[in-house]
Structures are given as structure tokens and as C-alpha cells.
Amino acid sequence: MTQNASNGSLAQRKLIVGVTGSIAAFKAATLVRLLMQAGADVQTIMTHDAARFVTPLTFGTLSARKPLTDLFSDDGDWTKHVSLGLWADLMIIAPATAQTIAKLAHGFCDNMLTATALAARCEVLVCPAMDHDMSLHAAVEDNLRRLRAYGYHILPSRWGDLASGLVGRGRLQEPEDILEKVRSLLRPQMLKGKNVLVTAGPTREPIDPVRVVTNHSTGAMGFALAEALRDRGARVTLVCGPTPLDTPGDITRIDVTTADDMYEACLDHGEADCVFMAAAVADYAPAAPANSKLKKTSDELTITLRRTPDTLAELGRQKQQGQLLVGFAMETHDGIDSARGKLRAKNLDWIVLNNVLEDGAGFGFGTNRVTVLGRDGSVTPLDPMPKRKVADAILDRIYTPGKLSSSRR
Ligand code: CTP
């Protein structure tokens, strides 16, 4: 097996998996299995309470290394937490109970797991798991904020069925999702120091105070791109139209409503090193929105629409030397030709074509199927994949060494 750090490969990466006393500890067994299958070298550390839920024998068998539970071992080695902290490329704490989170937030190091986390020079990923009300408690939220400020990465718990019988917040993320996060954290930070502007979601153009012209965009593709860019080290500003999606961590969000708002917000950030314009901006808006609700007085209603400003075209006109502009084209027919035309007309470096009528593509799906077209004439169709994977594949294509090309026309 060969190491391939550029795509977040785990082959030969040295990982610590810290397991604490939660029923979700059983999921950590699957996580260790997935990490091992991906070629990682895994050392597990368990708290004594974790060992009440899943036996050390389970983790020892899955990782082919004896789990560590005691700070002071029989062989007299009491500095193992330090050597382990130096050894690891990444430490993952999954599940992380409220108790362990509190200890980490306040620098406690009273067991092998917390001592190793405190000594570790590598990045630490904390995956909380607890019951609904505990996870919403201000003390827990404060502690997580503190951990973020210390530079820990947090993969927030999710909503769902809990062991207590409640349905709510606090479920450990699924092992596959933790694995994805691990991959993204181990990806080289190729975009460190870069300011990136991403747009996402629809715009809403008022007809009157209660009605709007809009489209079916959920914003999911733009949010996935924003996360993928952040995970490669970029400082991301996300300008988004109305969407219920939660703001991903470490991303600056600017909410807008109309295409005019989108234009203003984006031009305010026109100096960004890279722009990914994934928003589905309305091309037309009612020319004279009514101030009060329109009443149904006739059988037909004609609304005059005006063209909205084209944000991306304007960014293309003002394009800075070295700036990278990426557009998105949503088409139903003549996709490649039409996308190529937009790439040229808007002075773009890349355009991501999405045929809404294809299987696994379009609005509201968890997956997407896109083709990436470059200014150099290249056409790269990507397989249908979950949107986060599509985002990573787009970035892999755009930032392939030697292929990064941006210029003034
Ligand atoms: N775009 C924009 N401002 C607009 C319309 C589109 O910035 N008012 C951006 C989109 O975010 C996308 C790209 O331009 O990145 C292409 O958008 P698309 O709607 O596919 O193309 P249009 O140029 O609007 O052409 P048409 O709708 O006629 O296909």
C-alpha cells in the first residue's frame, strides 16, 4: 500500500483513538476497523469507564495493538503519554463524554487519555456524545467553545435516537463520517493563508411582502465546498441565500436574500484569492415589487421581471492578477457547449457543470454528478458522489499541482 497524502489517504498515518465511557463506545470499534482498513496505524487509549462498555480485548484485536488505559504502566514507563503525543499524526477522541470534554477544556490530565491529549503536538479531533439535555447545557457548550479556542477540532454530535430513549441532540457522528473528517484533517493545508469566497443557496426576489420568485437550491453543494476549502486551510467567507443549513465551524457566514444583496456582498469581498460561485442566483426579479399583498382581482396576472446584476460576470470583469474564479453552470441541455460559453463570457478559470436532469444530480439530492471544465479546454467528468466528496474531487481537480491556472484575460 502506498502513501498518498494529497488526497487525505490514511495509509501509514499514525492515529490515536481515545475512547471514553459512553454507550457510543461500541461505534468506536467500527471506527478503529475503518481506520485499520484504510491502512492507518492505530493506538487506542481507553478510560476505565470506556472499558465498562466495550472490552479492551475488542480494541486490541481490531487495532493489533494493546489499548492503553493506565497512565502508570507495569513496566515502569510513565512518560508514554508524551511519546505517544509526539508519535501521532492525529488524535481522535470518539466518543468524548461531557466529563472528558470538561477535563480537556480545563487542562486536567488525570488519566492516560487526557494526559496524552494535553501532551499531543498533533491536531486533536473531539467527537462529543452525550444525552440531549447534557449536550445543550451551557457548561458543555462553553467547554466546547473553549476547546475550539485552544485549536481542538470538534465534530459536533448529531440529532437522532439516544440510548436514554430520548430523541434529540447528542448522538455520536457515524464512524464513516468521523473517518471522512479524519481524512480531511490529514489533508495537506494547500490553501493555508488564502481568502476564499464561496456563495451558496438560492436568492429570493420579492413579488410582494408574502410572495417571492426563487428556485429549488438548498445550498448543500456550496456548503460542502466551503467545508472542503476550510479543511485545506483556507479562510472561507460563505455568502448564502436563504437556507436552513447550519453554518459549518470556522467559516464566516453572510446571509443575503436577493440577487442584489448577493452582488453587493460578493463585490465587497472581490479581492478574495479564489471565488467559488455556487449560488443559484435568480436571473430575473420582479421589476416593481408591491408594498402590500397582491389581491386576486383578475384571472391572469402579469408580473414584469427585470434582469438582476450578474455577480460572477462583474467579478470576471474586475478580476485581479492571480485570482481564481470558479463558476457553476446548471443546465438541462447542451451542457458542455453552454458551460464553455459561460466560462469564456465571464472570464472564469473553471466552471462546474451540473445537468439537473441526470440521475444523482440536481437540487435536493445528497449526491451530485458534475463535469469540471477548465480554461485550458479540459473536460473532467466526475462520478456521482455525496456532495462533500464531489467538493473534494472538484478541489483535487482544480488544485492538481501544475494545473492551477488563473490569469487576467
Ligand atoms: N451568476 C451570478 N449572477 C447572476 C446569475 C448567475 O453570479 N445573476 C453565476 C452563478 O452563480 C453561476 C454562474 O453565474 O456560478 C452561471 O450561472 P447560470 O445561471 O448557470 O448561468 P447564467 O449566466 O445565468 O445563464 P443562463 O441562466 O441563461 O443559463
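Remember, it's 1-based here, ligands and their atoms both numbered in the order they're listed. Computed over heavy atoms, backbone and side chain alike; hydrogens, waters and symmetry mates excluded.
For atom 26 (P) of ligand 1, the closest heavy atom belonging to the protein is Lys342 NZ, 3.8 Å. In this structure, atom 23 (O) of ligand 1 lies nearest to the protein heavy atom Lys346 NZ, 2.7 Å. Considering only non-hydrogen protein atoms, atom 7 (O) of ligand 1 sits nearest to Leu312 N, 2.9 Å. Remark: minimum distance from atom 19 (O) of ligand 1 to any protein heavy atom is reached at Asp283 OD2, 4.0 Å. Thr311 N, 3.2 Å is the protein heavy atom nearest to atom 3 (N) of ligand 1. Here the heavy atom of the protein found nearest to atom 10 (C) of ligand 1 is Ala279 O, 3.7 Å. Atom 12 (C) of ligand 1 has its closest protein heavy atom at Phe328 O, 2.9 Å. Nearest protein heavy-atom neighbour of atom 2 (C) of ligand 1: Asp310 OD1, 3.3 Å.
Heavy atoms of Met262 come nearer than 4.0 angstrom to ligand 1 in no pair at all.
For the 3.5 Å distance criterion, the side chains of Asn143 and His106 qualify, holding a donor opposite an acceptor.
Using a 4.0 Å cut-off between a side-chain N of Lys or Arg and a carboxylate O of Asp or Glu, Arg148 and Asp250 do not qualify as a salt bridge. Using a 4.0 Å cut-off between a side-chain N of Lys or Arg and a carboxylate O of Asp or Glu, Lys27 and Glu174 qualify as a salt bridge. The pair Lys346-Asp310 meets the salt-bridge criterion, with a side-chain N (NZ, NE, NH1 or NH2) lying under 4.0 Å from an Asp/Glu carboxylate O.
A side-chain contact (heavy atoms from CB on, under 4.5 Å) with Leu186 holds for exactly one of Arg13, Glu123, Lys181; it is Arg13. Of the residues Lys387, Arg183, Arg232, the one that meets the side-chain hydrogen bond (donor to acceptor under 3.5 Å, both in side chains) test with Asp392 is Arg232. Applying side-chain contact (heavy atoms from CB on, under 4.5 Å) to Pro286 and the options Val212, Thr304, Val213 leaves one that passes, Val213.
At under 3.5 Å, not a single nitrogen or oxygen of Gly327, backbone or side chain, sits near a nitrogen or oxygen of ligand 1. At least one N or O atom of Met277 sits closer than 3.5 Å to an N or O atom of ligand 1. Residue-to-ligand polar distances keep Glu331 apart from ligand 1: every N/O pair is separated by 3.5 Å or more. Considering backbone and side-chain N/O of Ala329, none are found under 3.5 Å from N/O of ligand 1.
Within the 4.0 Å heavy-atom criterion, the part of Met330 lying near ligand 1 is the backbone and not the side chain.
Although no hydrogens or angles enter the test, the distance criterion places a donor-acceptor pair under 3.5 Å between the side chain of Glu205 and the main chain of Ala259.
Note that atom 28 (O) of ligand 1 has no protein non-hydrogen atoms nearby, at separations under 4.0 angstrom.
Two residues are said to be in side-chain contact when any heavy atoms from C-beta on lie closer than 4.5 Å; Leu294 and Ile207 meet this criterion.
For the residue pair Val182 and Leu125, the shortest heavy atom distance occurs at CG2-CD2, 4.1 Å.
In this structure, Tyr399 and Phe276 have tilted ring planes: the angle between them lies in the 30° to 60° band.
Near Thr308, with a cut-off below 4.0 Å to any heavy atom, the atoms of ligand 1 are 8 (N).
When Gly222, Pro309, Gly316, Ala259 are checked for heavy-atom proximity to atom 8 (N) of ligand 1, Pro309 turns out nearest.
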